[in-house]
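The structure appears right after this line, and notes come after that.
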Amino acid sequence: MKRRLVAIIVEGGSERTIINLLLENNLLKFQTDDLLDGRPISERNGSKFAKKFLTLDLENKMVSIIRVLDSHNEKFKLSEPYRKKVDGDPTDIYTSPEIEILFIIYMGDYEKFKNQKSGRKLTPNAWCKKNYKMKNVKSPEFVRNFWESRLPELVEAIGEYSKLSKDPFEHTLASLLK
């Protein structure tokens, strides 16, 4: 049986940091050794991703693509010669509206956040800055420092986010957890 590689494509530094924390602590269904390029990948353009990674000698291994992103509008197209190296369609893991929603869930403020008065509603990023005084909430260093000592709480927030997700058929980070 052919071993599969996992290409986990992340939108930004916060997502990369959370995936790395989960990988480092053996909390995901796959391990670093299973990853294409041995790490989360930042290349979100399908054509550029294919040229950079699917032209490598993969030793007859198929690649499963997992994209961690917050936008439902982002397209990922692979041309036909590269598709035969990919196992099925990419799996999109959504963290909408933003990955910072995990902080809000952890703090127990999801309902307050969700029920903001109409008008200028704060994004999760702005909410964290205003309500929790988290100045560098998008900084990979801040994300690592915050969650590294709270891994059970991170896993709990990921699970809770999955329950709160609008679309029950939408994949969330919880679907990657062991």
Side-chain angles (χ1 to χ4, degrees), residues 4 6-31 34-35 40-46 49 63-77 86-132 134 137-140 142-144 146-178:
R4 302 210 185 284
V6 176
I8 185 149
I9 301 171
V10 295
E11 184 171 22
S14 296
E15 291 84 356
R16 177 183 302 100
T17 301
I18 287 174
I19 292 295
N20 278 330
L21 279 169
L22 296 170
L23 277 167
E24 291 162 13
N25 290 280
N26 200 26
L27 295 168
L28 297 177
K29 292 178 181 176
F30 49 86
Q31 299 174 354
D34 300 320
L35 296 182
I41 296 169
S42 298
E43 185 52 69
R44 293 165 33 201
N45 177 286
F49 168 84
V63 177
S64 295
I65 298 174
I66 300 171
R67 301 184 322 142
V68 179
L69 63 163
D70 58 29
S71 171
H72 287 76
N73 301 322
E74 196 169 305
K75 303 297 179 214
F76 189 83
K77 302 240 183 217
V86 175
D87 183 26
D89 291 327
T91 299
D92 292 336
I93 304 293
Y94 292 106
T95 59
S96 54
E98 299 173 0
I99 195 77
E100 289 80 17
I101 197 71
L102 296 175
F103 291 113
I104 295 168
I105 292 168
Y106 168 75
M107 298 291 194
D109 288 336
Y110 181 78
E111 286 302 317
K112 286 182 193 173
F113 171 78
K114 189 177 125 189
N115 294 320
Q116 294 178 68
K117 294 183 177 158
S118 59
R120 196 174 135 101
K121 292 185 177 184
L122 296 175
T123 64
N125 177 27
W127 179 278
C128 290
K129 287 179 179 180
K130 180 181 179 195
N131 293 292
Y132 312 135
M134 294 176 169
V137 71
K138 286 195 175 280
S139 148
F142 176 83
V143 172
R144 177 170 285 280
F146 185 90
W147 289 117
E148 196 165 33
S149 63
R150 298 176 177 95
L151 287 171
E153 292 87 349
L154 172 60
V155 170
E156 189 176 317
I158 289 169
E160 186 62 23
Y161 171 78
S162 183
K163 292 176 193 170
L164 297 168
S165 178
K166 292 178 186 174
D167 183 349
F169 299 105
E170 178 177 277
H171 292 283
T172 66
L173 287 172
S175 65
L176 300 179
L177 295 173
K178 284 185 173 178

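Any value given below was found using the heavy atoms of this structure, including those in side chains, with hydrogens, waters and symmetry copies removed. Start at 1 with the first residue, then count along the sequence.
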*Tell me, yes or no, whether the heavy-atom count around Glu156 atom CD, taken from other residues, nucleotides or ligands under 6.0 Å, exceeds 12.*
no
*Would the number of heavy atoms belonging to other residues, nucleotides or ligands and lying under 6.0 Å from NZ of Lys178 be above 12?*
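Counting other residues, nucleotides and ligands, NZ of Lys178 exceeds 12 neighbours.
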State, to 0.1 Å, how close [X] and [Y] come at their nearest heavy-atom pair, and which atoms those are.
{"X": "Val137", "Y": "Lys129", "value": "CG1-CE, 4.2 Å"}
{"X": "Leu177", "Y": "Lys29", "value": "O-CE, 3.2 Å"}
{"X": "Lys138", "Y": "Ser14", "value": "O-OG, 3.1 Å"}

Compare all side-chain heavy atoms of [X] with those of [Y] and state whether any distance is below 4.5 angstrom.
{"X": "Pro124", "Y": "Tyr110", "value": "no"}
{"X": "Tyr106", "Y": "Trp147", "value": "yes"}
{"X": "Asp109", "Y": "Trp127", "value": "yes"}
{"X": "Pro97", "Y": "Thr123", "value": "no"}
{"X": "Ile8", "Y": "Ile93", "value": "no"}
{"X": "Leu102", "Y": "Leu173", "value": "yes"}
{"X": "Arg67", "Y": "Glu74", "value": "yes"}
{"X": "Leu35", "Y": "Leu23", "value": "yes"}

*Phe76: what forms a ring pair (Phe, Tyr, Trp, His ring centres under 6.0 Å) with it, not counting sequence neighbours?*
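In terms of ring pair (Phe, Tyr, Trp, His ring centres under 6.0 Å), with neighbours along the sequence ignored, Phe76 is linked to Phe49.
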*So, Glu15 side chain and Val68 main chain: donor-acceptor pair closer than 3.5 Å or not?*
no
_Working to the nearest 0.5 angstrom, can you tell me the gap between Lys114 NZ and Leu164 CG?_
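Spacing of NZ (Lys114) from CG (Leu164) equals 7.5 Å.
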*Parallel under 30°, tilted from 30 to 60°, perpendicular over 60°: which one fits the rings of His72 and Tyr94?*
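It falls in the parallel class, under 30°.
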